[in-house]
Amino acid sequence: MTSELAALNEWVHSVARLTRPDRIHWCDGSEAENQALTQLMLETGDLIELNRHSHPNCYLHRSNPSDVARVEHLTFVCSRERETAGPNNCWMAPDAAHAQMDALFDGCMVGRTLYVVPYCMGPIASPIARCGVEITDSPYVVANMRLMTRMGAAALARIEREGRFVKGLHSLGDLDPARRFIMHFPEELLIQSVGSGYGGNALLGKKCHALRIGSYQAQSEGWLAEHMLIVGIENPQGETHYIAAAFPSACGKTNLAMLIPPAAYREAGWKVWTVGDDICWMQPGPDGQLWAINPEAGFFGVAPGTSAKTNANALAMLNRDAIFTNVAVTADNQPWWEGLDQRVPAKDWQGRDYDPANGPAAHPNSRFTVSARQCPSWTERAEDAGGVPISAIVFGGRRESLIPLVFEARDWTHGVLVGAAMASETTAAATGAVGVVRRDSMAMKPFCGYNFADYFSHWLSFEKAGARLPRIFHVNWFRKDADGKFLWPGFGDNLRVLEWICNRCAGRADAVATPIGNLPDPDAINIEGLDLDAGAMHTLLHVDSAAWQAELAAIGEYFDSFGDRLPPALRGEQQRIAAALAG
Ligand code: GTP
Ligand code: SPV
Ligand code: MN
């Protein structure tokens, strides 16, 4: 055995001595292994087979009703110094966190199997990719990691070659929320999670590794780990622009990543290519551009609202080889959720006979897990070791008022301010109140593994000699009228806005300069064929100076919370815009 594998082996055995599993299983990612695990989960009830005619090889998992979303208040960054974690993270001293976690892990796998899950985040051959090993006692986690990452023998071979990997230790524990913690030790490249089997808390390659530990590594190594989709927009001339877009959880990344162009655009020859729907790792190439990979291999997407009308590509990939978590089922055992169609479900997400008095049939944060290759708009470019070049970075939030449909930052520093100042209404993707506007810088509030002030400085540092950085934009698909109805049709029609963005990148579209940034000319967005309310475009592109002055003051207060660590360039930018609005 090489010394690299010996080190991994030693770690696995030290974990086994603490957690005392009945068995240890090293995952190779094979089909035979997956079938055996599926069989086991059908026997234990962890999985329920769905209608094998309409949905072959699809399964339903019902999680513990207290364990259905990420838990930000139980998620910690345990850096040596509190200031390294910053005001944007819960912090615990590493020694205290280790003592607490060791007590919870003590004997937690008695009677269970310990699975060793080697995985690679990104194409196996990519220099931007990074490996990890997750130890877990949940076969559901193994099955999901197999879809979401490059899991098994190939990842283990890369680990053996490189000797470098992020360690993740996960146990379901007893699923009691009082004994649930998701701990990150960035200086040790270590993640420990106990008491939850849900997505981002338990599939440690995703938010824990690819974003929290990833962002920490990216800061010291000169790259970016972001909560962004990556999509290619090909125009009728065959020119493709890759766009990376950061929207908070449940704010439209999966939908935008696999958008289907409106009929007239399709007929004209527009195409949309999906590279990623949640996470983007990018680094400057020798040509000065930012090159991006999707570190994931699958989608863990929000089910409610997914329909033939809103996201036909998603529906098309969900009729085979998929895992559904906390959705409802119809009388003939097909998966169902609110917004799918007019059928009435038979059982709700908890397996009870459906009764509207109990609330939605599918949990609002119910999800599907599926291999990215099943998406009709998926592109082989997602396997490119070097990634794809990014033309535009787009920030966006869920804001019923104030924020225009689209605007463009004047330059990189302004763009970093636009990202840092982002705010959005909270959603069901995390526990807690829904619909409350909060600052969510770069959609990374729950995911940045270090102090936001240092993260903003890191973003600013990309502007240097030779850099050919993407243009930065902000969008808002969620403006509402006085009756609470969305003003913009959204979904496929968002391509109309992306068209303007691509045209700006290619130097083909005009813009109107305002204190908050550059907005499209009123007729620069193609609204042909849309049934918009009179005045909708005016409202969507209006800059309300008084309301924006209040917003800039609020952004200034938010920046105050980072004290002296805030980069002065951001403060200067905020003051400059505030003055321009007042003037
Ligand atoms: P995470 O996986 O949690 O990171 O979420 P996400 O950002 O990928 O969000 P997703 O695309 O799954 O969308 C979440 C919800 O927003 C779904 O219910 C969608 O139907 C809805 N949604 C997405 N795009 C639009 C849009 O353009 N307009 C409107 N009104 N709703 C949208
Ligand atoms: C999100 O909440 O942003 C998700 C789902 O993408 S989770 O994997 O739970 O983080
Ligand atoms: Mn997400």
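All residue numbers in this chain count up from 1 along the given sequence. Atom set for the values below is all heavy atoms of this structure, side chains included, hydrogens, waters and symmetry mates excluded. Every number for a ligand or one of its atoms is a count from 1 in the order of the listing.
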Once rounded to 10 degrees, what value does the angle at the Mn ion (ligand 3) take between OD1 (D278) and NE2 (H227)? 90°

Does an N or O from K207, backbone or side chain, lie closer than 3.5 Å to an N or O of ligand 1? no

Quick check: N255 and ligand 1, any N/O pair under 3.5 Å apart? yes

Just to confirm my output: which protein heavy-atom neighbour is closest to atom 1 (C) of ligand 2, and how far is it? K207 NZ, 2.9 Å

Mark yes or no: K167 above the aromatic ring of F165, with NZ or CZ under 6.0 Å from the six-membered ring centre and no more than 45 degrees from the axis. yes

Are any of the N/O atoms on G490, whether in the backbone or the side chain, positioned under 3.5 angstrom from an N/O atom of ligand 1? no

Counting heavy atoms only, which part of F447 comes closer than 4.0 Å to ligand 2: side chain, backbone, both or neither? side chain

Does any N/O atom on A429 come nearer than 3.5 Å to any N/O atom on ligand 1? no

Could you find the nearest protein heavy atom to atom 9 (O) of ligand 2 and give me its residue, atom name and distance? G200 N, 2.9 Å

If you compare R398, K206, K485 by their heavy atoms, the one closest to atom 16 (O) of ligand 1 turns out to be R398

To which of P304, G396, G339, A250 does the heavy atom nearest atom 17 (C) of ligand 1 belong? P304

Within the structure, does C251 bring an N/O atom to less than 3.5 angstrom of an N/O atom in ligand 1? yes

To check your reading of the model: name the closest protein heavy atom to atom 2 (O) of ligand 2, its residue, and the distance in Å. R70 NE, 2.9 Å

